[in-house]
Chemist: 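The structure under discussion is supplied below as structure tokens; questions concerning it will follow.
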There are 2 protein chains.
Amino acid sequence: MRLNLNKIKITMQVLKETLHKEGLRYTKQRQEIWNELRSSDKHRDAEEILFTLRKRGLKISRATVYRTIDVLVKNNLIDKLDIGDGRARFEYNDKYLHHDHLICTSCDKIIEFNNNEIEELQNKIAKQHNFKLLYHSHQLFGICKDCK
Amino acid sequence: MRLNLNKIKITMQVLKETLHKEGLRYTKQRQEIWNELRSSDKHRDAEEILFTLRKRGLKISRATVYRTIDVLVKNNLIDKLDIGDGRARFEYNDKYLHHDHLICTSCDKIIEFNNNEIEELQNKIAKQHNFKLLYHSHQLFGICKDCK
DNA sequence: AATTTTAATGAGACTAAATCTCAATAAAAT
DNA sequence: ATTTTATTGAGATTTAGTCTCATTAAAATT
């Protein structure tokens, strides 16, 4: 319990510091959006976050959700994910447990995976091209074992 | 010259066979769209292909472009690319010279790269999860050397 | 603590990419 | 040549995402 509360405190601090660094204000809405993305391990879309927060009683608009998500993506606090259905998904970016995705084109199932060798190769490639790597998008599409 | 004509012939054969396999018809519009994507090495969007073909005198509609692109992506003849500006791009998928992308978030420049080690790791991961790998999407976002 | 300054928000209008409908057309089969 | 059936075109429609601007709430200042 104590540990959990500390964890929330720490991640809220991350948001506060990021906003401060960008000269932006630490508002109720931004806190709630960040907390929502942070405390779930699913791949959320903007509309879904909007309605979840409204259902919980928060007064919030669609524009605020989109504007906040932009800030979070640009500052690398969340990742953007395109599974090919015309709607962007977002998920908490835990820098210490990063993962990419396997997506089934038949049933839309998403399987997460980790591969340090790939991460290292990405860094190497960026270095070769004199790129300052900010984030990446890496999805493998195919047919999962259940759909084969 | 002879070589070039043969090359076109071969890729048109690829389209014909793919359509046949799917029980679809080999139409003028599908040929022109495929040829357009095939014969340029740029990252094209649907609207741009539509107007290029119309300018060239072909009678073709937006719906046909989108419908054909869907078929080509699903059959792995072209790759879909999301550079983050809300418009999907497409490019010819040369299976023997596959590449991924480095995208500058500041100037939108796209740099292509090839990495066999990454391709091998992707195959390995798919195999581990008992996935039949169809295609992938791999983009590295960051700041290019000119924008730093 | 009250006041001023300035950025953020909400509501809904707006934009634009992508999809859908259905009568007309063209490919393939007969 | 005729029939069958998928494809196309035109434009209406949908919907994710953006924009505007008056109102509100952070943060800075007094």
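Each chain gets a letter, A, B and so on, in the order the sequences are listed, and its residues count up from 1. The analysis underlying the following values was restricted to heavy atoms, covering all of them including side chains, and did not include hydrogens, waters or symmetry mates. Quick caveat, the model's predicted, so the values are computed rather than measured.
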Chemist: Just how far is it from atom CG of A/D146 to atom CZ of B/F131, taken to the nearest 0.5 Å?
Modeler: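 Between A/D146 CG and B/F131 CZ, I get 9.0 Å after rounding to 0.5 Å.
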
Chemist: How many Å lie between CD on A/E48 and P on D/dA16, as a whole number?
Modeler: 13 Å

Chemist: In whole Å, I'd like the distance from the NZ atom of A/K28 to the P atom of D/dA26.
Modeler: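 Rounding to the nearest Å, NZ of A/K28 and P of D/dA26 are 10 Å apart.
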
Chemist: Answer yes or no: is there a side-chain heavy-atom contact under 4.5 Å between A/T52 and A/R44?
Modeler: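 A/T52 reaches A/R44 side chain to side chain.
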
Chemist: State whether the number of non-hydrogen atoms from other residues, nucleotides or ligands found under 6.0 Å of A/K21 atom NZ is greater than 12.
Modeler: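 Counting other residues, nucleotides and ligands, NZ of A/K21 exceeds 12 neighbours.
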
Chemist: Would you kindly give the CD1-to-P distance between A/I49 and D/dA16, to the nearest whole Å?
Modeler: 14 Å

Chemist: For B/R67, report the nucleic acid contact type (base, sugar-phosphate, nothing); a contact means any heavy atom under 4.0 Å.
Modeler: base

Chemist: Nearest-Å distance, CG (A/L24) to C1' (D/dA28)?
Modeler: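 In whole Å, D/dA28 C1' lies 16 Å from A/L24 CG.
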
Chemist: What nucleotide among D/dA6, D/dG9, D/dT8 has an atom nearest to a side-chain atom of B/A63?
Modeler: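 Within the option list, the nearest is D/dG9.
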
Chemist: Rounded to the nearest 0.5 Å, what's the gap from CZ on B/R30 to CG on B/L24? Could you check?
Modeler: 5.0 Å

Chemist: Based on the rotation axes of five pairs at each end, what angle does the helix from C/dA1-D/dT30 to C/dT30-D/dA1 bend through, to 10°?
Modeler: 40°

Chemist: So A/E22 and A/N75, do their side chains get closer than 4.5 Å, heavy atoms only?
Modeler: yes

Chemist: Base, sugar-phosphate, or nothing: which does A/A88 touch, judged by heavy atoms less than 4.0 Å apart?
Modeler: sugar-phosphate

Chemist: Kindly check if the number of other-residue, nucleotide or ligand heavy atoms within 6.0 Å of NZ (B/K109) is above 12?
Modeler: yes

Chemist: Give the rounded distance in Å between these two atoms: NZ of A/K16 and C1' of D/dA27.
Modeler: 11 Å

Chemist: Please report the C-alpha distance between B/H136 and B/D100 in whole Å, then the side-chain angles of each, then the deciding distance to 0.1 Å, and finally whether the side-chain hydrogen bond (donor to acceptor under 3.5 Å, both in side chains) criterion is met.
Modeler: CA-CA 9 Å; B/H136 71 258; B/D100 295 343; 3.0 Å; yes

Chemist: Tell me whether the rings of A/F113 and A/H138 are parallel (<30°), tilted (30 to 60°) or perpendicular (>60°).
Modeler: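 A/F113 vs A/H138 ring planes: perpendicular.
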
Chemist: In whole angstrom, what separates A/R89's CZ from D/dG17's C1'?
Modeler: 15 Å

Chemist: Could you state the CZ-P distance from B/R54 to D/dA10, rounded to the nearest angstrom?
Modeler: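 About 6 Å, once rounded to whole Å.
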
Chemist: Answer yes or no: does a side-chain N or O of A/Y66 lie under 4.0 Å from OP1 or OP2 of D/dG17?
Modeler: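 Yes, because at least one side-chain N or O of A/Y66 sits under 4.0 Å from OP1 or OP2 of D/dG17.
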
Chemist: Rounded to whole angstroms, how far apart are CG on B/D70 and C1' on D/dT8?
Modeler: 15 Å

Chemist: Map B/D45 and A/L58 onto DNA chain C by nearest heavy atom, then report which one ends up closer to the 5' terminus.
Modeler: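 With B/D45 and A/L58 compared, the 5'-side residue is A/L58.
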
Chemist: Can you tell me if A/R62 touches the phosphate of D/dG17, counting only side-chain N or O atoms and a distance under 4.0 Å to OP1 or OP2?
Modeler: no

Chemist: Going 5' to 3' along DNA chain C, which nucleotides are the first and last within contact of chain B (any atom under 4.0 Å from a heavy atom)?
Modeler: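 Using the under 4.0 Å cut-off, the span is C/dA17 to C/dA28.
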
Chemist: Decide whether a cation-pi geometry holds between A/K80 and A/F90; the criteria are a distance under 6.0 Å from NZ or CZ to the six-membered ring centre and an angle within 45° of the ring axis.
Modeler: no

Chemist: Does the side chain of A/Q29 get closer than 4.0 angstrom to OP1 or OP2 of D/dA25 through an N or O atom?
Modeler: no

Chemist: Where each residue is assigned the nucleotide of DNA chain D containing its nearest heavy atom, which of B/I60 and B/G23 is assigned the position nearer the 5′ end?
Modeler: B/G23

Chemist: Work out which heavy atom in B/A126 is nearest to a heavy atom in A/L102; give both atom names and the distance.
Modeler: CA-CD2, 4.5 Å

Chemist: Please determine whether a side-chain nitrogen or oxygen atom of A/R87 lies at a distance below 4.0 Å from atom OP1 or OP2 of D/dG17.
Modeler: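 No.
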
